[in-house]
Visitor: 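Quick one: the structure is below, questions incoming.
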Amino acid sequence: MFENRLQKVFKHFSKLARRQDIACFRFYDHDLPEFPFAIEWYGGNVHAAEYKRRHGMEDEEHAAWLQSCKEVLSNVLETGTENIFMKVRQRKAGRQGQYEKFDELKVERIVPEGGLNFIINLTDYLDTGLFLDHRITRSMVRNEAKGMKVLNLFCYTGSFSVYAADGGAASVTSVDLSKTYLNWAKRNMQYNKWYKETQHDFVHSDVIEWLDYMPAGAFDLIICDPPTFSNSKRMEDNFDVQRDHVALIKKLLKGCTETGRIYFSNNYRNFVLDRDSIPALTVKDITGATTPFDFQGKLNRKCYLIEK
């Protein structure tokens, strides 16, 4: 059943990807309840992340089941098992042992997207470092960035920043609380040979706190993709995107030039934008327009274009 489904969807999505010259795409997303994976193709490498569930299997049984799934993927995709990376969640703290890892070593690859190249990590983190669902949004930012002062908040690994630089942005400021991701973002900028110390600033800071000191009217284009919820020990207070989005967007508007634009997105499934409380000229829901072919009907995130 799993094998038949994989053959069908991979043939379909790989054909669409070739037509659009796309090397990285998702081709399976919890299609079968018995096989709850999100599976992505990264130019010959496969990243399969199991959704959390109560599977009722003992550790050894679950590890064997994952291995069998890996072998099915290898056969269907005609690629070696060494190119397939299965994300295995850890046991809860305090319990002995852990789920088996298929890959102990850090594995990085360089993958192409939109004429650029990005460093992905297939083993160490829950995500690879490149959110494929924002492929179209990144292109939109690049098309608008020429001559603009761009701000990328919660910048993660900086893919939006690289696209903005490639689009001719006058400057790009990238802000994140994680030094790991911030360094990764800088590496991505350097790998694409865009990094210039005088134009590209990487700021290690709590974004919400940093916004309180952001100069008014400093940026022409702002990208903001906050977490659904955060209570990091390094933050003053916790953050809830539904509760706090209006206050956040008001801060972003203050930092915009008079003709400034904001791309605001989040992954909260039940998110409802409080349009009436946002003092902006226009607020346009562009979720549909920014949803790639490989996420149609299976995308929880929302995306808005806000014009001051």
Side-chain angles (χ1 to χ4, degrees), residues 131 134 137-138 140-141 144-145 147-165 167 169-179 181-182 185 199-287 290 301-308:
F131 289 132
H134 267 308
T137 326
R138 287 191 280 270
M140 293 170 72
V141 166
E144 294 179 28
M148 289 191 171
K149 294 179 180 179
V150 178
L151 174 63
N152 185 10
L153 299 169
F154 305 99
C155 73
Y156 189 43
T157 61
S159 55
F160 273 106
S161 300
V162 176
Y163 266 82
S171 66
V172 183
T173 301
S174 306
V175 187
D176 202 281
L177 186 59
S178 166
K179 283 186 177 180
Y181 289 137
L182 208 60
Q199 288 181 255
H200 306 129
D201 195 13
F202 295 87
V203 181
H204 176 230
S205 178
D206 169 7
V207 171
I208 304 302
E209 183 179 309
W210 185 86
L211 287 174
D212 289 334
Y213 302 94
M214 176 178 60
F219 298 98
D220 304 295
L221 184 62
I222 298 177
I223 303 106
C224 184
D225 188 7
T228 297
F229 181 81
S230 179
N231 60 350
S232 169
K233 293 178 181 178
R234 290 170 289 174
M235 292 178 67
E236 287 288 324
D237 300 300
N238 64 34
F239 174 82
D240 181 295
V241 72
Q242 184 61 67
R243 181 193 67 202
D244 300 325
H245 75 276
V246 171
L248 172 58
I249 292 172
K250 284 181 177 179
K251 290 181 180 181
L252 302 183
L253 288 166
K254 182 181 177 182
C256 278
T257 57
E258 286 305 309
T259 56
R261 292 156 68 87
I262 300 165
Y263 282 93
F264 176 79
S265 66
N266 71 84
N267 291 294
Y268 178 40
R269 182 187 294 270
N270 300 314
F271 181 76
V272 178
L273 187 81
D274 185 359
R275 173 64 183 95
D276 293 339
S277 299
I278 298 172
L281 178 66
T282 61
V283 178
K284 184 179 180 181
D285 187 335
I286 58 170
T287 303
T290 59
R301 71 145 169 84
K302 307 291 194 306
C303 190
Y304 303 89
L305 177 59
I306 302 170
E307 296 179 302
K308 186 171 180 179

Visitor: Quick one: pull up CG in L252 and CZ in R261 and give me the separation to the nearest 0.5 Å.
Guide: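 So the CG of L252 and the CZ of R261 are separated by 15.0 Å.
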Visitor: Partners of F229 by ring-ring contact (aromatic ring centres under 6.0 Å, His included), sequence neighbours excluded?
Guide: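 ring-ring contact (aromatic ring centres under 6.0 Å, His included) list for F229, sorted by chain: empty.
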Visitor: Against T290, only a single residue in K302, R301, R138 fulfils side chain to side chain donor-acceptor pair (under 3.5 Å); can you say which?
Guide: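 Answer after filtering K302, R301, R138: R301.
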Visitor: So which heavy atom on I222 is nearest to which on G255, and how close?
Guide: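 In terms of heavy atoms, the two residues are closest at CD1-C, 4.4 Å.
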Visitor: Please round to the nearest 0.5 Å and tell me the distance separating atom OG of S205 and atom CG of L177.
Guide: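 Here the interatomic distance stands at 7.5 Å.
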Visitor: Which residues satisfy the ring-ring contact (aromatic ring centres under 6.0 Å, His included) test with F131, sequence neighbours excluded?
Guide: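 Listed in chain order: Y156.
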Visitor: Return the orientation label for the F271 and H245 ring planes: parallel under 30°, perpendicular over 60°, tilted otherwise.
Guide: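 Because their plane-to-plane angle is over 60°, the rings of F271 and H245 count as perpendicular.
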Visitor: Can you pull the salt bridge (charged side-chain N to carboxylate O under 4.0 Å, His left out) pairs that have at least one residue in residues 239-258, sequence neighbours excluded?
Guide: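 Qualifying pairs: D212-K251, E258-K308.
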Visitor: Would you say the side chains of Q199 and S171 form a donor-acceptor pair under 3.5 Å?
Guide: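 The answer is no; no qualifying pair exists.
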Visitor: Quick one: do D225 and S265 satisfy side-chain hydrogen bond (donor to acceptor under 3.5 Å, both in side chains)? Show the steps, please.
Guide: CA-CA 5 Å; D225 188 7; S265 66; 3.1 Å; yes
Visitor: Ignoring hydrogens, what is the shortest heavy-atom contact between A164 and V172? Give both atom names and the distance.
Guide: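 In terms of heavy atoms, the two residues are closest at CB-CG2, 4.1 Å.
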Visitor: Could you tell me whether the side chain of L253 reaches within less than 4.5 Å of the side chain of I262, counting heavy atoms only?
Guide: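 Yes; the side chains approach each other to less than 4.5 Å.
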Visitor: Once you round to the nearest 0.5 Å, how far does SG of C224 lie from CG of L153?
Guide: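 If we round to the nearest 0.5 Å, C224:SG and L153:CG are 5.0 Å apart.
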Visitor: Could you check if a side-chain atom of I286 sits within less than 4.5 angstrom of a side-chain atom of F264, using non-hydrogen atoms only?
Guide: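 Answer no - side chains too far apart.
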Visitor: Nearest heavy-atom pair of N266 and P226: which atoms, and what distance?
Guide: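 Taking N266 first and P226 second, the nearest heavy atoms are CB-O, 4.2 Å.
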Visitor: Under a 4.5 Å cut-off applied to non-hydrogen side-chain atoms, are M214 and L151 in contact?
Guide: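 Yes, at least one pair of side-chain atoms sits under 4.5 Å.
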Visitor: Roughly how far apart are L248 CG and L211 CG, rounded to 0.5 Å?
Guide: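 Between L248 CG and L211 CG, I get 6.5 Å after rounding to 0.5 Å.
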Visitor: Sequence neighbours left out, what pairs pass salt bridge (charged side-chain N to carboxylate O under 4.0 Å, His left out) with at least one residue falling in residues 263-286?
Guide: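 Residue pairs passing salt bridge (charged side-chain N to carboxylate O under 4.0 Å, His left out), neighbours aside: none found.
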Visitor: Does K149 have more than 12 heavy atoms from other residues, nucleotides or ligands lying within 6.0 Å of its NZ?
Guide: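 Not buried by this count: 12 neighbours or fewer within 6.0 Å.
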Visitor: With sequence neighbours left out, write down each residue that passes side chain to side chain donor-acceptor pair (under 3.5 Å) with S161, or none if nothing qualifies.
Guide: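 Side chain to side chain donor-acceptor pair (under 3.5 Å) check on S161 returns N152, S174.
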Visitor: Less than 4.5 Å apart, any side-chain heavy atom of C303 and any of T137?
Guide: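 The answer is yes, as the side chains (C-beta and beyond) meet within the 4.5 Å cut-off.
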Visitor: If only atom types and distance count, is the side chain of D176 paired as donor or acceptor with the main-chain N or O of C155 below 3.5 Å?
Guide: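 Indeed, once roles are kept as given, a pair shorter than 3.5 Å links the two residues.
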Visitor: So do the side chains of D201 and V175 get within less than 4.5 Å of each other, counting heavy atoms only?
Guide: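 In short, these two side chains do not touch, never coming nearer than 4.5 Å.
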Visitor: Between V203 and W210, does a side-chain contact (heavy atoms from CB on, under 4.5 Å) hold up when you go through it step by step?
Guide: CA-CA 9 Å; V203 181; W210 185 86; 3.7 Å; yes
Visitor: Are the side chains of Y263 and V141 in touch, meaning some heavy atoms are under 4.5 Å apart?
Guide: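 When only atoms from C-beta onward are counted, V141 and Y263 do touch, with a gap below 4.5 Å.
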Visitor: With rounding to the nearest 0.5 angstrom, report the CZ to CZ distance, F154 to F239.
Guide: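 The distance works out to 5.0 Å.
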Visitor: Test of understanding: with ring-ring contact (aromatic ring centres under 6.0 Å, His included), list the residues that count as partners of H200, not counting sequence neighbours.
Guide: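 H200 satisfies ring-ring contact (aromatic ring centres under 6.0 Å, His included) with no other residue.
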Visitor: For the atom pair OG (S230) and CG (D206), what is the distance rounded to the nearest 0.5 Å?
Guide: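 The CG atom of D206 is 8.0 Å from OG of S230, to the nearest 0.5 Å.
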Visitor: Judged by atom type as modelled, is there a donor-acceptor pair below 3.5 Å linking the side chain of E307 to the main-chain atoms of A280?
Guide: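 Flag not set: sc E307 to bb A280 has no pair under 3.5 Å.
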